Amino acid sequence: MGYIIETRGITKRFGGLTAVDNVSMGVNAGEVVAILGDNGAGKSTLIKMISGVHKPDEGTILLDGKPMRLESPMDALANGIETIYQDLALAENLNVSSNIFLGREKTKRSMGVFNVLDHEYMLKESKSVLDRLEIEIPSLKNTIRTLSGGQRQAVAISRSIYWQAKVLIMDEPTAALGIAEQKKVLDLVKSLKTQGIGIIIISHQMYDVFEVADRIMVMRRGQNVATRLVSETTADEIVGLIVGSETVKR
């Protein structure tokens, strides 16, 4: 069975700088692939091409084995590719259900003339997806600013799952979280794996990567220098590959 999401030889240049250089990689359904590398290695540019922010100058992106051209992040969303960046893109002044439906609000007819927000429907559906993921939030009517960092991350993940993500890209999902909340997020990632979602994680937290990832792809100077099964590597080898002190054996 083929990859759910795959890149073949994609390259991105910004003027004279080649940020991503001929990178091929893939993620299976129900698999977590971690992309590691030093600052400036090309990780963020790579995921921005997969999520429709940047267009590759060369190469192909495939979803379920079919080449696709992403003109914008909305194209990626329409194809089931959801991205959760470090800032989570949540509206702090809105409640949980409003954030899960942010930009895709459900409306209903009022007095047969006006379209108004269907808060009852959005609240019910939000509770359903949170229950499915076993996420506990005291009240879905609370604004996002009242939630902890882990709860905010859970809301962002729930939003992606509700909108039927096939591929979930997570940029530093445990950054700035306490140890207990890091564990909750990692447990949630494991739960998503069992539901057949392909997950790409960018992280500087080596422990987190070895806790949830199946494979690790190491980038250096815009290239994919090595891919390792987590079960067949060590943190020391990965660090060596990142800094260039480890001999690359493909």
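The model shown is predicted, which means the values in this text are computed figures rather than measured ones.
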*Asks:* Hey, does Ile61 have a side-chain heavy atom less than 4.5 Å from the side chain of Met68?
*Replies:* yes

*Asks:* Any side chain to side chain donor-acceptor pair (under 3.5 Å) pairs touching residues 115-126, not counting sequence neighbours?
*Replies:*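 Of all non-adjacent pairs touching residues 115-126, those that pass side chain to side chain donor-acceptor pair (under 3.5 Å) are Glu125-Tyr162.
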
*Asks:* Report the residues that fulfil ring pair (Phe, Tyr, Trp, His ring centres under 6.0 Å) with Phe210, sequence neighbours left out, ordered by chain and then residue number.
*Replies:* none

*Asks:* Mind checking side-chain hydrogen bond (donor to acceptor under 3.5 Å, both in side chains) for Ser51 and listing every partner two or more places apart, or none if nothing turns up?
*Replies:* Tyr85

*Asks:* Could you list the residues that satisfy salt bridge (charged side-chain N to carboxylate O under 4.0 Å, His left out) with Arg132, not counting sequence neighbours?
*Replies:*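 Checked Arg132 against salt bridge (charged side-chain N to carboxylate O under 4.0 Å, His left out); zero matches.
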
*Asks:* According to salt bridge (charged side-chain N to carboxylate O under 4.0 Å, His left out), who are the partners of Lys48, at least two apart in sequence or on a separate chain?
*Replies:*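 With neighbours one apart ignored, the set is empty.
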
*Asks:* Under the rule for side-chain hydrogen bond (donor to acceptor under 3.5 Å, both in side chains), what residues qualify as partners of Glu6, not counting sequence neighbours?
*Replies:*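 Applying side-chain hydrogen bond (donor to acceptor under 3.5 Å, both in side chains) to Glu6 gives Arg8.
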
*Asks:* Under 3.5 Å, is there a donor-acceptor pair between the Ser203 and Asp208 side chains?
*Replies:*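 No donor-acceptor contact under 3.5 Å links the two side chains.
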
*Asks:* Could you walk me through whether Thr18 and Asp57 pass the side chain to side chain contact (heavy atoms under 4.5 Å, CB included) check?
*Replies:* CA-CA 10 Å; Thr18 301; Asp57 295 315; over 6 Å; no

*Asks:* Quick check: do Lys184 and Gln151 have side-chain heavy atoms less than 4.5 Å from each other?
*Replies:*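 Heavy-atom side-chain distance check fails, nothing below 4.5 Å.
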
*Asks:* May I ask you to check whether Ser97 and Asn95 show a side-chain donor-acceptor distance below 3.5 Å?
*Replies:* yes

*Asks:* Report the residues that fulfil salt bridge (charged side-chain N to carboxylate O under 4.0 Å, His left out) with Asp187, sequence neighbours left out, ordered by chain and then residue number.
*Replies:* Lys183

*Asks:* Give the other cluster members for Leu62, using side-chain heavy-atom distances under 4.5 Å between Ile, Leu, Val, Met, Phe, Trp and Tyr residues; answer none if it is isolated.
*Replies:* none

*Asks:* Tell me every residue that passes salt bridge (charged side-chain N to carboxylate O under 4.0 Å, His left out) with Asp75, counting only those two or more places apart in sequence or in another chain.
*Replies:* none

*Asks:* Apply side-chain hydrogen bond (donor to acceptor under 3.5 Å, both in side chains) to Lys166 and list each qualifying residue two or more places apart in sequence or on a separate chain.
*Replies:*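 For Lys166 the side-chain hydrogen bond (donor to acceptor under 3.5 Å, both in side chains) partners, ignoring immediate neighbours, are Asp64.
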
*Asks:* Check this for me: Gln164, atom CD, are more than 12 non-hydrogen atoms of other residues, nucleotides or ligands nearer than 6.0 Å?
*Replies:* no

*Asks:* Compile the donor-acceptor pairs under 3.5 Å between side chains in residues 133-143 and protein atoms, sequence neighbours left out, one pair per line.
*Replies:*
unit_1	atom_1	unit_2	atom_2	d
Ser139	OG	Lys141	N	3.2

*Asks:* Check for me, please, whether Val20 and Ile169 land in the same ILVMFWY cluster - side-chain distances under 4.5 Å, paths through other members count.
*Replies:* yes

*Asks:* Do Ile144 and Leu147 make a side-chain contact, defined as non-hydrogen atoms from C-beta onward lying under 4.5 Å apart?
*Replies:*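 In contact.
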
*Asks:* How would you list all residue pairs meeting ring pair (Phe, Tyr, Trp, His ring centres under 6.0 Å) that involve residues 124-150, not counting sequence neighbours?
*Replies:*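 Found none.
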
*Asks:* Could you check if a side-chain atom of Val23 sits within less than 4.5 angstrom of a side-chain atom of Met217, using non-hydrogen atoms only?
*Replies:*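 The answer is yes, as the side chains (C-beta and beyond) meet within the 4.5 Å cut-off.
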
